[in-house]
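Chain naming here is simple, since letters A, B, ... match the order of the sequence lines and numbering starts at 1 in each.
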Amino acid sequence: MKVLQSYIAQTVQHLYSLTDVSIEIQHTRKEFEGQYTLLCFPLTKFVKKSPEQIAQEIGEYLLKNNTYIQKFNVVKGFLNLSLKDTYWKEVIFEELHKNPDFGRLDIGKGKKILIEFCSPNTNKPLHLGHLRNLLLGDSMANILAFCGYEVIRTNLYNDRGAHICKSMLAWQKFAQGKTPQSTHTKGDYFVVEYYIMAENILKEQTTFLLEKWQNNDFGQVSPEIITKYKELVDKLRQVENSPKKDTKKITQLKDEIKELAQTQTEWFKAVQDMLAQWEAGNPEIIALWKQMNAWVYEGFERTYQQLHIRFDRYDYESQTYLLGKELVKQGLEKSIFYQKEDGSVWIDLSQEKLDQKLVLRSNGTSVYITQDMGTAVQRHEQLNLHQSIYVVASEQDYHFKVLIAILKKMGYEWASRLYHLSYGMVYLPTGRMKTREGNVVDIDALLTEMYQVAQKTTQELGKTEGLSAQELEHLYHELALSAIKYYLLKVDPQKDMIFNPEESIDFHGNTGTYLQYTYARIQGIFRKAQEKELLHYQSADTKNYQNVHDTERNLLIYLYRFEEVVKQSAEQYSPALVANYVYELCRLYANFHHEVVILHDSNPDAIAFRVQLNAVCARIIKKSLELLGLTPLDRM
RNA sequence: GCACUCAUAGCUCAGCUGGAUAGAGCAACUGCCUUCUAAGCAGUAGGUCACAGGUUCGAAUCCUGUUGAGUGUACCA
């Protein structure tokens with residue numbers, strides 16, 4: 001396409017003496033004859049002729065002067081060009097066939113890039129939301145590495161804070177020394193039981209307290225809290241009694257009241273007390289904290305292994321949450337931040353339309369954003385990074401806008417290269433997942449279920465003769481993974497999506513299974529070739545092959561786009577582009593496979609060409625699958 | 001209230017960043033296993049690209065407004 005573009009640029013220069021015009025070429029739509037189409041409309045601005053006339057003139061010139069042009073036709077302002085078989089064989093096929101690394105780029109050569117993904121709390125098993133995060137991060141890392149970047153994969157564990165103390169406190173009070181080992185439970189599932197216990201106690205105590213408050217029984221509650229409570233209740237009444245019922249506002253106010261009551265419960269105070277002890281370094285608390293987190297990490301590791309996802313490093317919030325305070329101090333001196341009377345520190349981002357933002361509490365402790373500032377600066381200084389990518393849910397769009405704006409204001413030149421790879425929510429057909437309501441799909445359970453479906457379907461089809469039990473197990477697991485991974489990755493990251501469990505286990509149509517099936521068929525051809533002793537065709541000369549079939553040409557054109565797709569997916573941070581590409585490629589292969597017989601033909605040149613084309617397809621599909629984090633399967 | 005994101009077939013999603021008659025899969029219907037894997041292929045049916053304006057040779061795509069949905073919103077992480 002680039003070659004063609006330069007030919008046309010020369011033509012335009014020769015015919016109209018124009019140099020700096022954009023030459024717009026695209027692939028010809030199926031309904032029309034030809035493979036490439038030049039849009040002549042843009043040229044009408046410079047040449048005082050109709051687009052049809054320009055198309056005709058360029059077409060005639062190219063036909064006369066370019067060896068690869070076979071014929072052309074003009075529809076309105078579209079110049080459709082058909083290229084000779086020699087072009088497909090000698091230019092396109094040659095490059096695809098001779099370059100075993102086709103698609104690999106060096107746009108990231110010498111650049112170090114850090115990608116942070118997953119970043120879970122250490123109090124519950126990983127669920128569907130984490131899965132989308134993990135898959136996006138993993139695939140993005142693969143794609144960037146394929147583009148030449150030195151990629152560092154990191155996972156930031158949210159391992160401290162009140163939410164962690166909740167499960168610790170519940171364990172301390174109720175576990176009677178039980179452990180994951182003693183109960184034969186996976187660590188993350190073990191810990192979440194205590195987290196849920198803690199949440200329930202908090203809920204019970206809150207409800208109890210609210211009932212008392214409604215009857216004006218405030219006990220020892222401080223006057224400020226009482227006034228605040230009464231204010232909120234008044235507001236709620238106003239909204240409820242106003243003619244247009246703002247349900248969103250009502251639930252918001254109700255939540256605020258609940259939160260207020262929560263802070264007055266015994267349980268909440270005990271949690272806060274534990275957090276304070278943790279921060280003070282109480283050895284007993286620290287030991288418990290380490291123990292419980294270790295259980296969770298062990299559980300997480302098993303899930304990562306199942307998914308074939310690895311990290312190069314782990315960051316722990318407990319080690320980074322104090323970072324950033326020094327930066328605030330420096331920024332205060334440079335008047336990037338300002339201090340209020342109560343001692344809290346703020347930044348004014350109203351010029352960026354992001355309002356005022358707190359960066360240090362009045363008691364001098366840091367908030368979430370302070371920590372992120374510190375972590376970003378530390379990473380860039382220690383690792384000499386070119387860029388950082390944060391794979392984090394779209395709920396935090398605002399947070400990352402603020403973070404990047406602050407770092408820019410502080411004068412870090414790399415701040416403009418921080419990128420928030422924001423991905424949309426994963427909903428169930430029944431709505432949003434909520435731990436409390438128990439409609440959470442967690443990764444382990446999903447994998448188990450998919451494994452069973454893969455097993456059942458495979459057994460019903462009965463095509464796995466001769467495979468050992470171990471090989472079968474591998475097959476089922478990889479099929480299950482392929483289905484899930486592709487299902488989540490094919491959707492544009494930034495869009496919210498609905499995860500329909502029934503649809504995701506469907507193995508027909510636009511699915512990961514289909515991709516694997518296509519790949520397995522390709523490999524099947526090579527097995528057959530070996531059986532029939534036809535493998536010598538792999539290195540045979542294809543120069544004499546005439547009459548390239550339509551399906552072959554379509555494959556060549558599409559295979560050749562792989563490089564462009566890789567580049568785009570890296571630039572747009574979207575594995576979905578690779579996913580959709582490889583699906584379309586598999587469809588074209590199925591087409592080819594259906595239309596021509598690869599291993600039987602009266603013409604040996606045809607067999608040679610097709611066997612070699614088959615090999616190129618195998619390579620590009622394999623690479624695409626790997627970029628998405630799927631393990632290509634030779635048989636299924 | 002304000003900010004950001006989204007709206008395409010009954011459902012789930014594409015649509016190469018402004019190009020031709022908007023594409024797949026699922027679900028429904030019809031064909032195709034005596035040649036390389038039928039987890040497949042071919043076909044039928046299904047659309048006011050939320051709505052209304054604007055920009056221009058040309059708009060699902062860009063701009064403005066309206067409606068609807070989601071998310072966030074100053075001492076939680």
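Put simply, the side chain of F609(A) does not reach to within 4.5 Å of the side chain of H549(A), judged on heavy atoms. Inter-residue side-chain proximity for K532(A) and H600(A) is flagged as met; some heavy-atom pair is nearer than 4.5 Å.
Taking the six-membered ring for Trp and thresholds of 30 and 60 degrees, Y486(A) and Y583(A) have ring planes inclined between 30 and 60 degrees apart. Aromatic ring orientation, Y321(A) versus W278(A): tilted (interplanar angle from 30° to 60°).
When heavy atoms are screened at a 4.0 angstrom cut-off, E395(A) is found touching the sugar-phosphate backbone but no base atom. D496(A) comes within 4.0 angstrom of sugar-phosphate atoms only, judged by non-hydrogen atoms across all strands, and of no base. Residue contacts shown for I498(A) are limited to sugar-phosphate atoms, with no base heavy atom under 4.0 Å away. Counting non-hydrogen atoms under 4.0 angstrom, M497(A) reaches the backbone sugars and phosphates but no base. At the heavy-atom level, T37(A) lies under 4.0 Å from base atoms of the strands shown. K463(A) comes within contact range of at least one nucleobase, with a heavy-atom separation under 4.0 Å. Q568(A) comes within contact range of the sugar-phosphate backbone alone, with a heavy-atom separation under 4.0 Å but no base atom that close. Within the nucleic acid shown, L360(A) has no heavy atom closer than 4.0 Å to any nucleic acid atom. Counting any heavy atom pair closer than 4.0 Å across all strands shown, H27(A) reaches no nucleic acid atom. Counting non-hydrogen atoms under 4.0 angstrom, Y398(A) reaches the backbone sugars and phosphates but no base. A590(A) comes within 4.0 angstrom of sugar-phosphate atoms only, judged by non-hydrogen atoms across all strands, and of no base. In this structure, E317(A) reaches the sugar-phosphate backbone alone: every heavy-atom distance under 4.0 Å involves primed, P, OP1 or OP2 atoms, never a base. Using a 4.0 Å heavy-atom cutoff across all strands shown, N121(A) reaches no nucleic acid atom at all. V597(A) comes within 4.0 angstrom of a base, heavy atoms only.
At rC41(B), one or more side-chain N or O atoms of Y514(A) fall inside 4.0 Å of OP1 or OP2 (strictly under the cut-off). Taking only side-chain nitrogens and oxygens, R521(A) comes nearer than 4.0 Å to OP1 or OP2 of rA38(B). Contact annotation: N500(A) side-chain N/O to rC13(B) OP1/OP2 distance is not under 4.0 Å. Contact between the side-chain N/O atoms of Q494(A) and the OP1/OP2 oxygens of rC6(B) is found at a separation under 4.0 Å. Side-chain nitrogen and oxygen atoms of R361(A) include none within less than 4.0 Å of the OP1 or OP2 phosphate oxygen of rA74(B). The shortest distance between the side-chain N/O atoms of K401(A) and the OP1/OP2 oxygens of rC4(B) is not below 4.0 Å.
With its glycosidic angle more than 90° from 0, rC57(B) adopts the anti conformation. The glycosidic torsion of rU17(B) lies within 90° of 0, which places this base in the syn conformation.
The aromatic ring centroids of F592(A) and Y589(A) lie less than 6.0 Å from each other. Ring-centre distance between Y419(A) and F400(A): not below the 6.0 Å cut-off. Between H130(A) and H127(A), the ring centre distance stays below 6.0 Å.
With both ends at atom P, the span from rA45(B) to rU8(B) equals 24 Å, rounded to whole Å. Taking atom P in both rA7(B) and rU12(B), the straight-line distance is 13 Å, to the nearest Å. Taking atom C1' on both nucleotides, rA9(B) is separated from rC41(B) by 23 Å, rounded to a whole Å. Taking atom P on both rG25(B) and rG72(B), the two are 36 Å apart, rounded to the nearest angstrom.
With hydrogens and angles ignored, a donor-acceptor pair closer than 3.5 Å exists between the side chain of Q572(A) and the base of rU17(B). A donor N or O paired with an acceptor N or O is not found under 3.5 Å between the base of rA74(B) and the side-chain atoms of D348(A).
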Just list the side-chain donor-acceptor pairs under 3.5 Å for residues 560-571 of chain A, sequence neighbours left out, or say none.
| residue | atom | partner | partner atom | Å |
| --- | --- | --- | --- | --- |
| Y560(A) | OH | E95(A) | OE1 | 3.4 |
| S569(A) | OG | V565(A) | O | 3.4 |
| S569(A) | OG | V566(A) | O | 3.0 |

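Non-hydrogen atoms lying under 4.0 Å from RNA chain B are contributed by T457(A), T458(A), L461(A), all within residues 452-461 of chain A.
Note that CD1 of I621(A) and CD of Q516(A) are 10.5 Å apart. Values are rounded to the nearest 0.5 Å. In this structure, CG in L633(A) is found 6.0 Å from CD in E478(A), a value given to the nearest 0.5 Å.
Atom pair I25(A):CD1 and rC16(B):P shows a separation of 18 Å (rounding to whole Å applied). Look at CD1 on I525(A): it is 14 Å from P on rU35(B), rounded to the nearest Å. Between the CG atom of L349(A) and the C1' atom of rA74(B) there is a distance of 11 Å, rounded to whole Å. We find that CZ of F592(A) is positioned 14 Å from P of rU37(B), with the value rounded to whole Å. Per the geometry, CG belonging to L577(A) stands 14 Å off C1' belonging to rC13(B), to the nearest Å. We find that CG of L43(A) is positioned 18 Å from P of rG58(B), with the value rounded to whole Å. Remark: P of rC76(B) and NZ of K166(A) are 13 Å apart, rounded to the nearest angstrom. Distance CD (Q252(A)) to C1' (rG1(B)): 11 Å, rounded to an integer number of Å.
V392(A) approaches H420(A) most closely through the heavy-atom pair O-NE2, 2.9 Å. A pairwise comparison of heavy atoms in Y514(A) and A590(A) identifies OH-CB, 3.7 Å as the closest pair.
Ranked by how close their nearest RNA chain B nucleotide is to the 5' end, T513(A) and H593(A) are led by H593(A). Between T28(A) and R527(A), it is T28(A) whose nearest contact on RNA chain B lies nearer the 5' terminus.
For residues 591-601 of chain A, the set of pairs meeting the salt bridge (charged side-chain N to carboxylate O under 4.0 Å, His left out) definition, not counting sequence neighbours, comprises D601(A)-R610(A).
The side-chain contact (heavy atoms from CB on, under 4.5 Å) search around A618(A) returns Y519(A), I522(A), Q523(A), F526(A), not counting sequence neighbours.
Checked by atom type, the side-chain pair T551(A)/N591(A) shows no donor-acceptor distance below 3.5 Å.
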Distances under 3.5 Å only, N/O to N/O: pair up the protein atoms with those of nucleotides 21-28 of chain B.
| residue | atom | partner | partner atom | Å |
| --- | --- | --- | --- | --- |
| rG23(B) | OP1 | R29(A) | NH2 | 2.8 |
| rA24(B) | O2' | Y583(A) | OH | 2.9 |
| rG25(B) | O2' | N510(A) | N | 3.2 |

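The existence of a salt bridge linking E279(A) and R160(A) is confirmed by a sub-4.0 Å separation between a basic side-chain nitrogen and an acidic carboxylate oxygen.
The aromatic ring of F41(A) does not stack onto the base of rG58(B), failing the criterion of a centre distance under 5.5 Å from the six-membered base ring together with planes under 30° apart.
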Check your understanding: Could you write out RNA chain B as a dot-bracket string, with dots for unpaired bases, | for bases paired across to another strand, and Watson-Crick or G-U pairs counted at under 3.5 Å?
Key -> (((((((..((((.....[...)))).(((((.......))))).....(((((..]....))))))))))))....
